[in-house]
Each structure stands twice: as C-alpha cells, then as structure tokens.
2 protein chains.
Amino acid sequence: MSAALPNWEKARDEFVAQWGALGSHWGINRTMAQIHALLMTAPEPMHTDEIMERLRVSRGNANTNLRELVGWGLIRVVLKKGERREYFEAEKDVWQMFITIAKERKRRELDPALMVLRSCAEQTQSEKTGAGLDFHRQMRELQEFVEFGMKVSDTVASMKHASALQWAMRLLG
Amino acid sequence: MSAALPNWEKARDEFVAQWGALGSHWGINRTMAQIHALLMTAPEPMHTDEIMERLRVSRGNANTNLRELVGWGLIRVVLKKGERREYFEAEKDVWQMFITIAKERKRRELDPALMVLRSCAEQTQSEKTGAGLDFHRQMRELQEFVEFGMKVSDTVASMKHASALQWAMRLLG
DNA sequence: TTGAACTTTCAGTATTTAATGAAAACATGA
DNA sequence: TCATGTTTTCATTAAATACTGAAAGTTCAA
C-alpha cells in the first residue's frame, strides 16, 4: 500500500473529487476535470501511471484526457533528462488559465454560433415587413451582441493581469 | 398537412435546428435549446401542442423543458383571455437575456465551485511550508479570482445596456 | 535488429442523460 | 357532481457519452 498522505493531500483529494463533479455539470467530463485539478495542485510534473493510480482510471481514459487537456492548452508535456516517458504539468497561473479557457471556449462555442446567426441574418436580408423583418432584426441583434462580446473578450485576453485588474477595479469602484 | 411556410420560416428552422445542436455541445440539452430558439423567434406566444408539432417531440419532453426554461427565467407563461391552456413567450431583448443567463450560470456553476475552494483553503490554513503552503496559496488564488469575477459580473448585470456598452467601448478604445 | 518501455487506438461495456407515452392529477364549466 | 381539456409525473426505452483493457503501434538503446 501507499504511504500515508500528508495532511494537505486530504484537502487536495477533496478538491480533485469535487472539481470532477462540478466539471461534469458544466460540460467537461469528470476525468478530464479531475486530471486538471490534480495537475494544477501537483508540486511536480506527473506521468500517466501516477495519474492512473491516484484517480483509479484506466490507461486509455488517462491518455485520452491528457491529450485533450494538452489540446486545450491547459497542461503541457515535460520531458525529464534520461527518462523516456512523458510527464505533464499544468499552467498554474490563474489569470493565464482564465485566458486559455476563454479563448478555447470562444473558438468552440461562440465561433460556430456566429456562423449560424450570420447565415440566418443573411438569408432574410430582403424581408421588409412583419414577422420576417422581426426575425431578421433578432438575428442581427444576436449577431452583433456576440461579435461585441468577442471583441471585449479578445481585448481582456490581451491584457496583463495587473492592467485588467486595474480596469475592473475602476468599474467596481 | 400544414400550410407552406413563409420564406423567413426556412431560416427560422435552420436557426432552431442549429441552436439545438450548439446547445448540446455546451451543456444544454437539445430540446431545451430548440424550444428557446423557437420562442425567441416566435411572433406570438406558443402553446405546448404547437411546440410539440413544430419540433416533433413528445408532450413529456416539451413540458419538462418548458418548465426548465421558465426556471431559468428565459421564458414566461402567458395566459390568454377565455383560454384555458398556457402559452409561452421568450424574453427577446438580447441584453436582458444575457443578464439572465449570466446570473443563472453564476448561481449554478460559480457558487458551488466557490464552496469547494473556500473549504480547501480553510482546511490548509495552517500549512506554513513547502507543498502544503503552495496548495493553500493555489486555492486562495482561485478563490479570490472567482470572487472577483463574480463581483464584476454582478456589476455588469446591474447596468443598463447603454452604460455597459459605453463602458465597454472605452475599453476597446 | 531486437526487445523493453512507453503511448495510442479501439471494440466492447458501463454509465449517464434524454425522450417517450400513457396514466394520474388537476382545473373548469355545465 | 361529472365530463372535458390540460398539465404533470414517471416507468420504460433509446441515445449519447465515458471508460476499460488488451492489442497494436512507436521509440530508442543496446
């Protein structure tokens, strides 16, 4: 059996478990959220077998979700000298994490929505009255709102943490 | 059979179908997203049977998702004089929709996450060195970040569309 | 090359989530 | 009260998604 865990590891286990549960109820699969939580709180990079053991998941599952997290840009592969296997470490800076997630969600969620809205608005260009016109306007409004939101998000994502903070403080002020 | 659809209804059907597909890949079930899209573009309030027919879904499914949308605050029940059954209409103002969704997601996604972070930070208060301290700091940072985000979101949600726009424009410069 | 260490794939299975449809519950006016 | 129109519930079924484990693939040092 494994050695007794230091005290903080209890809290860590809670974090990993709960984060997994939360993740699944906002569209991220449980294992992926758990691996991310685990690596986010790992003092050192971890390899696949450590992760498998700690979370009690299969190799296939661990591998798939590690690749997925790499794809999101939330973790990266680290190679250790003289070792063949891959280690993984998470981005730990909260601001950087936020930016990464915001960009990725924009790409996955907003970009395709925008395509739909544009297409629907375009198809109804020529509606000049009544319900057809209302529909056209609704699509345009949604489209413009999403485009605007994307611009704001791009701007924020390009800011340093400190200046974003300052800017937000002025708002809250 | 039903009468031929006016031209704009073609675009509407596309909107409904695609919105459903999108919804399901960001954590909202397909029928719910479709009903919302349908009502958002409805010239008049609709009743359950119209929705069932238009989307080809069962009564149970329609009912469940209508209630869910009412729960989100995205649609409301409308009663017509001299009619017994309930009609539904969606909030159409984009800014208002945005605020409603933001509030609800905060309640469902951020609030529980915050609980976890607070609990984990608290449990490791007394860690003074090494990995335990790092963990504690990580939890604190996450907690503070989420709390800050929530404040910003509350502030924005309390603004009128016009002033939010103005404020955002200043950011975009 | 060979084979050991490691990674990826994928068919099969398990789990979770959503949808159906019929029965039960509820409301209303006669 | 009863008959009728309407909504809700829920056991069952269907569909989507996640996970496993073993086999195939890859890499690299000897």
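Convention: sequence-line order gives letters A, B, ...; per-chain numbering from 1.
Counting heavy-atom neighbours within 6.0 Å of A:E122 CD, excluding the residue itself, gives a total of 12 or less. Within a 6.0 Å radius of CD in A:Q166, no more than 12 heavy atoms belonging to other residues, nucleotides or ligands are found.
Straight-line distance from the CD1 atom of A:I51 to the C1' atom of C:dT7: 13 Å, rounded to whole Å. Separating the NE2 atom of B:H25 from the C1' atom of C:dA18 is a distance of 18 Å, rounded to the nearest angstrom. We find that NZ of A:K80 is positioned 13 Å from P of C:dC6, with the value rounded to whole Å. One interatomic measurement links the two molecules: NZ of B:K81 to C1' of C:dG29, which rounds to 20 Å at whole-angstrom precision. One atom, CD1 of A:I28, and another, P of D:dT17, lie 15 Å apart when rounded to the nearest Å. With rounding to whole Å, A:N65 atom CG is found 15 Å from D:dT17 atom P. The nearest whole Å value for the distance from the CZ atom in A:R56 to the P atom in D:dG21 is 13 Å. Remark: C1' of C:dT28 and CG of B:L79 are 14 Å apart, rounded to the nearest angstrom.
A donor-acceptor contact under 3.5 angstrom links the side-chain atoms of A:R84 to the base of D:dT27.
For the OP1/OP2 pair of C:dA19 and a distance below 4.0 Å, the side-chain nitrogens and oxygens of B:N29 include at least one atom meeting the criterion. Side-chain N/O atoms of A:T64 include none lying less than 4.0 angstrom from OP1 or OP2 on C:dT8. The side chain of A:R67 contributes an N or O atom lying less than 4.0 Å from OP1 or OP2 of C:dT8. A close approach under 4.0 Å does not occur between any side-chain nitrogen or oxygen of B:N61 and OP1 or OP2 of C:dA18.
As judged by a 4.0 angstrom heavy-atom cut-off over every strand, A:R59 is placed among the base-contacting residues. Here A:S24 lies out of heavy-atom contact (under 4.0 Å) with every strand.
For B:N63, taking side-chain heavy atoms from C-beta onward, the closest of the listed nucleotides D:dC19, C:dT8, D:dT8 is D:dT8. Nearest nucleotide to the B:S58 side chain, out of C:dT7, C:dA19, D:dC19: C:dA19.
Summary of the strand contacts: A:D49 and B:G60 both lie near DNA chain C, and taking for each the nucleotide with the nearest heavy atom, the more 5' one is attributed to A:D49.
Of the options A:E14, A:K10, A:R12, a side chain to side chain donor-acceptor pair (under 3.5 Å) to B:Q123 is made by A:E14 and by none of the others.
Atom NZ in B:K106 sits 14.0 Å away from atom CZ in B:R108 (nearest 0.5 Å).
Look at A:E147 and A:R118 and you find a salt bridge, because one of the NZ, NE, NH1 or NH2 atoms lies within 4.0 Å of a carboxylate O, short of that distance.
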